[in-house]
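So the structure is just underneath, and the comments pick up after that.
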Amino acid sequence: MTAEKFRLTLGFTSLLLGLSVGAVASCGSSEVAPPKACVPGRTVACTCDGGGDGLQTCRGDGSGYDACGFCKIRVKAAAPGKLDDVTEELGLIGGAGPCLGFDDFDGDGDPDLIMGHLTAEQTGMTIAPAELVIHSNDGAGSFSKEPVAKLLTGGAIICVTGDFDRDGLPDIVAEVGQPETGVKRRLYHFRNLGDFKFEDRLTAFDVTPITDQLLLAIGTYDSDNDGQLDIIIGRANGGGPATSESCGMEENDFICDGIVSMGQTGPLLYRNVGGSFVLMTKTFKGPFPGTTNALAFADLDENGLTDFFMANDWYTNHLHMQVKPGVYQRAESILGLNLFNHAMGASINDYDLDGRPDIYVADLGPNTFYFGKPDGTFENLNKELGISAVTRYHSNWATLGEDFNLDGLPDVFVASSGLVTSEEDMIKMAVVFSGPINEKPPQFDLLFWNQGDRQFEPATLPHRGDQNPMVVLASSATADIDADGDLDIAVGAGEGLQLRILRNQQKTGNHLILDLVGKASNPHGVGAVVDLLEGGVVRARRYAGNGGSVGNSWKHVHFGLGDKETIDQVRIRWPAGGVQVLDDVAANQRLRVTEP
């Protein structure tokens, strides 16, 4: 399947405006000729010593711009890549989700496929009885046509994987249940015994949540920096409209009147104590209106502790900053947030290569794109970049932030359920992409190809079948399934949450893949910050295991390198506090790195 490409028509050609002709700045300069338009807090481009790109910020009093800093290597964007739907070729046609992902369950080095295989039709937010299954990878990108493991039958399956007992094999935590069939929803913990055999540890959770509410956000990270992977669950069913008739497009957003609150329950944190999970009841401060649909993890303030972002529906998104091990402060004010969101997914990456984290948030309606500023706050640039116009009529869910065409610039993939508020809105959505239409348009996912300088070229990846308008879920995950160095994608979206495996056909560009093995830190290095340095300047940065959406991606750290064949230095800041530096690292390899 060839992505249908088109280019955004922006109100201006680059976000980094305000730098007047002839204004020159150098990293470390004490004086900088200020651009004409100095708006307090505005971040604009500048030129570093050696010709690299940097950023400078207008002072709070508007008197001029600070010295050029955050210098980065200039990276040349590659042409948009190509992803082919090979699901039928692999013999995996069917439904999958919303549990969908990759991990190496048998320890052979290849990412296997885990999914909630649907065995009946799905309507609305209800999933008919399904099996949680695993298909093994043969090492060349093909999966076993029959599952090598069937863990259970249930429904509404959300899952995460991780080495919770530190034995070197990934275990599974899944939320399963179907109240309509008498199966109560609860958390299951499946301990990996090897050879695709799993033990259902019924007593793994000291207090097991049993609920008739659908849980959509489960994440795993080290919440207190003790070297163990913990489990966090976003609040479920935090509100919604009284009737569907109260919802519709208003100006630039999808708005619902008559929101009904369902209580103030916060996220549930289960601390890992020797492979068992203990509920921590007073970790996070409320209130917590809204429903959490995704969690994303990264050390956002670079204090050596992992923070997390909550993508919320029906209310504002949340940021929980870890100020010391196990102690958090609410900090969403630094996002400049809207008070109302329909957030469904989130991914954290350094999309503009300025050394600071950025956050892409998928939404039922206009997506948001938060870019980090030098003062530690964020600015939402969805309108300036044209992201708002492209996504405003679309039900955008699980998002992935990775470099899919290997040019060194992280791209954005967004899986979509295709839900729209009305036939009129659907027509408007199609017009954005393809011009006037006379019939119901096809549904599609989106892939924003990073062009550098905060510019993105969007492309569509069509669903195979029509979208059931009652299906409002979508999931996605990524891994290098065929060991060729580029990242492939699994999607559960469209009619019946159809499974689609999108094989990346990238032919150019080098890569580097790191498999982090924590010792004092957690076993996957979740929360580590990995920098590639060139001439002492950060070329690219990744946040290890940042999670992000409905789906469970491969836990390796992947870099596209463009035409670079050797990296001067790879610098890893481990969650436990140590810094590890690797010199002269060759491209086009998968490197296992163990914490000293």
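The first residue in the sequence is number 1, and the count goes up from there.
- By the ring pair (Phe, Tyr, Trp, His ring centres under 6.0 Å) test, His320 is found to be paired with Phe284, Phe308, His318, residues two or more places apart in sequence or in another chain being considered.
- Considering only residues two or more places apart in sequence or on other chains, Asp200 meets the salt bridge (charged side-chain N to carboxylate O under 4.0 Å, His left out) condition with none of them.
- A distance-only check finds a donor-acceptor pair linking the side chain of Asn192 to the backbone of Pro170 [under 3.5 Å].
- When atom types are taken as modelled, the side chain of Arg166 and the backbone of Gly227 share a donor-acceptor pair closer than 3.5 angstrom.
- For Glu302, the salt bridge (charged side-chain N to carboxylate O under 4.0 Å, His left out) criterion is met by Arg541, Arg573, not counting sequence neighbours.
- Checked options Leu295, Leu268, Leu187; the residue passing with Ile218 is Leu187 (criterion: side-chain contact (heavy atoms from CB on, under 4.5 Å)).
- A donor-acceptor pair under 3.5 Å links the side-chain atoms of Tyr328 to the main chain of Ser223, judged by distance alone.
- No donor-acceptor distance shorter than 3.5 angstrom exists from the side chain of Asp407 to the backbone of Val75, with no hydrogens or angles considered.
- The neighbour count for Gln329 CD, taken as heavy atoms of other residues, nucleotides or ligands under 6.0 Å away, does not exceed 12.
- Between the side chains of Asn312 and Thr292, at least one donor N or O sits under 3.5 Å from an acceptor N or O.
- Of the residues Leu499, Asn552, Ile114, the one that meets the side-chain contact (heavy atoms from CB on, under 4.5 Å) test with Leu100 is Leu499.
- Scored by the ring pair (Phe, Tyr, Trp, His ring centres under 6.0 Å) test, Phe277 finds Phe164, His189, Phe205 as partners (sequence neighbours excluded).
- Applying the side-chain contact (heavy atoms from CB on, under 4.5 Å) test to Lys324 and every residue at least two apart in sequence or in another chain returns Val327.
- Leu269 approaches Ile232 most closely through the heavy-atom pair CD1-CB, 4.3 Å.
- The backbone N or O of Asp486 lies less than 3.5 Å from no partner atom in the side chain of Asn504, so there is not a single donor-acceptor pair.
- Residue Val414 comes nearest to Asp445 through the heavy atom pair O-CB, 3.3 Å, listed as atom of the first residue, atom of the second, then distance.
- For Trp574, there are no ring pair (Phe, Tyr, Trp, His ring centres under 6.0 Å) partners two or more places apart in sequence or in a different chain.
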* Given side chain to side chain donor-acceptor pair (under 3.5 Å), test Asp112 with His135 step by step and report yes or no. => CA-CA 6 Å; Asp112 306 304; His135 294 264; over 6 Å; no
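- Remark: the Glu402 side chain and the Thr478 side chain contain no N/O donor-acceptor pair separated by less than 3.5 Å.
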